[in-house]
Amino acid sequence: LDCLAKEPNERPESARALEARLGEIVLDEPWTHELADRWWSRNGAAAIPAKPPAPDSESDADRTNLTPPAAAAG
């Protein structure tokens with residue numbers, strides 16, 4: 001959550017500092033590439049939408065996925 005801190009001085013000062021902090025986390029089972037591949041095989045489709053909705057679609061009722069005017073005009 002520190003990565004999302006509003007104040008920049010409350011965030012990790014670099015990617016290396018973040019990597020060091022993440023390395024300090026103790027896991028019951030080590031996280032490996034094999035486990036990551038297995039997780040993405042099972043959950044990837046739900047974690048990442050296949051295709052974003054069109055800007056004028058029903059699913060965009062809250063207007064959060066609009067094409068910027070400059071892009072639409074060009």
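It should be emphasised that the depicted structure is a prediction, and the values quoted were computed from it without experimental measurement.
- For E34, the side chain to side chain donor-acceptor pair (under 3.5 Å) partners two or more places apart in sequence, or in a different chain, are R38.
- Note on residues 22-32: no pairs pass salt bridge (Lys or Arg N to Asp or Glu O under 4.0 Å), not counting sequence neighbours.
- In this view, L27 and I25, W31 satisfy the side chain to side chain contact (heavy atoms under 4.5 Å, CB included) rule, not counting sequence neighbours.
- Evaluation of the side-chain hydrogen bond (donor to acceptor under 3.5 Å, both in side chains) test over residues 3-15, restricted to residues two or more places apart or in two chains, returns none.
- R21 is linked by a side chain to side chain donor-acceptor pair (under 3.5 Å) to D2, counting only residues two or more places apart in sequence or in another chain.
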